[in-house]
Amino acid sequence: MKALVLSGGGARGAAHIGVIRALEERGFRPDAIVGVSIGALVGAGYAVFGEWKPLWEGAGEFYKKANKFFPFKSVPGLRSSVAILAGCLYMNFFKAFLPSKIYFSIVERAFRDIRFESLKIPLHVVVFNITEGKTEVFNSGSLVQALKASMSIPGIFTPVRCGKGMYVDGGIVNNLPCNIAREIGAEYVLAVDVSERGTHPNVYSSSDLLKAMGSIQNKILIEERRREADLLITPPVSSVHTLDFSRSLKLMEEAYQYTSELLKRVSVPSGGDK
């Protein structure tokens with residue numbers, strides 16, 4: 001069994017779509033998809049359509065809408081003491097910084113009443129249960145509920161309640177779940193990593209320090225997962241901030257070109273059910 005693993009990365013997740021297009025054109029079709037956060041969302045679209053063309057077209061419309069809800073290009077650029085103080089006060093009294101209902105309404109309209117059981121490609125959505133402090137995988141039942149849970153970035157969006165548990169973005173502890181792919185029986189794992197990379201040497205404020213520490217923590221957590229992949233694809237996305245959806249369409253094209261060139265030098269298994 002061949003598994004496609006798609007990491008989290010916010011707006012950088014648009015690159016997943018370009019990678020999927022290039023892989024299909026090369027003949028690679030996964031038998032299963034394992035996704036976390038934005039990777040789960042893109043994976044869901046791919047699993048619903050079963051091919052790259054309608055996914056590419058649908059993503060264009062999705063990202064245009066997403067950009068309306070996130071019309072800023074760089075959250076870290078907000079340096080004023082007033083903005084920082086207002087943000088701290090807001091988050092001290094509320095569970096989330098951004099309105100989950102508005103953002104997830106796009107997801108709800110896109111996937112409506114779709115269930116995992118009706119998908120053309122089996123999908124496994126990675127989430128984190130903060131009630132019990134453990135990673136879990138959704139692969140049956142409501143697709144929308146699972147996607148909302150996997151995309152609920154702690155502090156940014158309100159945690160999603162499912163049964164007795166409260167769930168958040170699975171990427172906080174496992175942003176490249178290659179191990180999950182192995183656990184479901186994958187013999188070949190192709191992983192796409194669009195997480196934030198690089199160092200943050202310039203620390204001007206506490207927000208810079210927190211971002212730097214978060215990036216370092218993510219790098220440590222993800223390094224072991226990378227080694228579990230048979231092929232790791234890392235599109236050039238490091239310059240795009242997590243909530244900067246203004247470049248999503250361009251990222252799709254850039255990732256497609258990058259992966260097409262990469263696949264001229266490496267081999268991937270072809271075939272798979274359509």
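Keep in mind the model is a prediction, meaning the values are calculated, not measured.
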query: Hey, mind stepping through Ile233 and Leu190 against side-chain contact (heavy atoms from CB on, under 4.5 Å) and telling me if it holds?
result: CA-CA 8 Å; Ile233 298 178; Leu190 194 159; 3.8 Å; yes
message: Give me the atom names and distance for the closest heavy-atom approach of Val194 to Ala15.
response: CG1-CB, 3.9 Å
query: Does one hydrophobic cluster hold both Phe116 and Ile114, with members joined at side-chain heavy-atom distances below 4.5 Å?
result: yes
query: Under a 4.5 Å cut-off applied to non-hydrogen side-chain atoms, are Val36 and Asn174 in contact?
result: no
His16 (side chain) donor-acceptor with Ser7 (main chain) under 3.5 angstrom: yes
field: Cationic N near anionic O, under 4.0 Å, Lys134 to Glu132
entry: yes
- prompt: How about Ser152 and Thr158: do any of their side-chain heavy atoms sit closer than 4.5 Å?
  reply: no
- prompt: Atom CZ in Arg247, atom CZ in Arg12: separation rounded to 0.5 Å?
  reply: 11.0 Å
query: From Tyr46 OH over to Leu119 CG, what is the distance, rounded to the nearest 0.5 angstrom?
result: 13.0 Å
- request: Any chance you could measure Leu143, atom CG, to Arg112, atom CZ, to the nearest 0.5 Å?
  value: 13.0 Å
statement: Residue pairs passing the salt bridge (Lys or Arg N to Asp or Glu O under 4.0 Å) test with at least one member in residues 152-177, sequence neighbours excluded, are none
task: Indicate yes or no for a side-chain donor-acceptor contact from Asp230 to the backbone of Val189 under 3.5 Å, with no hydrogens or angles considered.
output: yes
- request: Using modelled atom types only, decide if a donor and an acceptor are shared between the side chain of Ser118 and the backbone of Arg115 within a distance under 3.5 Å.
  value: yes
query: Do you know which two heavy atoms are closest between Gly18 and Trp56, and how far apart they sit?
result: CA-CZ3, 3.9 Å
field: Value rounded to 0.5 Å, distance of CD1 in Ile17 from CG in Leu251
entry: 10.0 Å
Closest non-hydrogen atom pair between Ile121 and Gly50, with its separation: CD1-CA, 4.2 Å
query: Any side-chain heavy-atom pair from Leu147 and Phe138 closer than 4.5 angstrom?
result: no
task: Indicate yes or no: at least one non-hydrogen side-chain atom of Pro122 is less than 4.5 angstrom from one of Asp31.
output: no
message: Nearest 0.5 angstrom please: Met166 CE to Phe128 CZ, how far?
response: 13.0 Å
task: List the steps, then state whether side-chain contact (heavy atoms from CB on, under 4.5 Å) holds for Leu262 with Ser260.
output: CA-CA 5 Å; Leu262 174 66; Ser260 295; over 6 Å; no
message: So Leu55 and Ile20, do their side chains get closer than 4.5 Å, heavy atoms only?
response: yes
task: Output yes when Glu187 and Lys2 qualify as a salt bridge under the 4.0 Å nitrogen-oxygen rule, no when they do not.
output: no
query: Out of Leu6, Leu232, Leu231, Val5, which residue meets the side-chain contact (heavy atoms from CB on, under 4.5 Å) rule with Val192?
result: Leu6
Shortest non-hydrogen separation from Ser37 to Gly8 and the atoms involved: CB-CA, 3.8 Å
- prompt: Do the non-hydrogen side-chain atoms of Tyr256 and Val19 ever get within less than 4.5 Å of each other?
  reply: no
query: Once you round to the nearest 0.5 Å, how far does CD of Glu228 lie from CD1 of Ile180?
result: 9.5 Å
Step-by-step side-chain contact (heavy atoms from CB on, under 4.5 Å) determination, Thr234 to Arg226: CA-CA 10 Å; Thr234 56; Arg226 285 183 164 195; 4.0 Å; yes
- request: Look at the side-chain heavy atoms of Ile, Leu, Val, Met, Phe, Trp and Tyr, link any pair under 4.5 Å apart, and say whether Val48 and Leu41 land in one connected group.
  value: yes
SB check Glu253 Lys250 (cutoff 4.0 Å): no
- prompt: Is there a side-chain contact between Val126 and Asn175, using heavy atoms and a 4.5 Å cut-off?
  reply: no
- prompt: Can you tell if the side chain of Leu4 reaches within under 4.5 Å of the side chain of Tyr188, non-hydrogen atoms only?
  reply: no
- request: Heavy atoms only: give me the nearest Ile184-Val34 pair and the separation to one decimal.
  value: CD1-CG2, 4.0 Å
task: Would you list the pairs meeting side chain to side chain donor-acceptor pair (under 3.5 Å) in which at least one residue belongs to residues 136-148, sequence neighbours left out?
output: Glu108-Lys148, His124-Asn139, Asn129-Glu136, Glu136-Tyr167
query: For Trp52 and Leu23, what are the C-alpha separation, side-chain angles and deciding distance, and is it a side-chain contact (heavy atoms from CB on, under 4.5 Å)?
result: CA-CA 9 Å; Trp52 74 265; Leu23 287 172; over 6 Å; no
query: Is there a donor-acceptor contact under 3.5 Å from the side chain of Ser270 to the main chain of Phe28?
result: no
Presence of salt bridge, Glu25 and Arg21, under 4.0 angstrom: yes
field: Heavy-atom closest pair, residues Glu261 and Arg265
entry: O-NH1, 3.4 Å
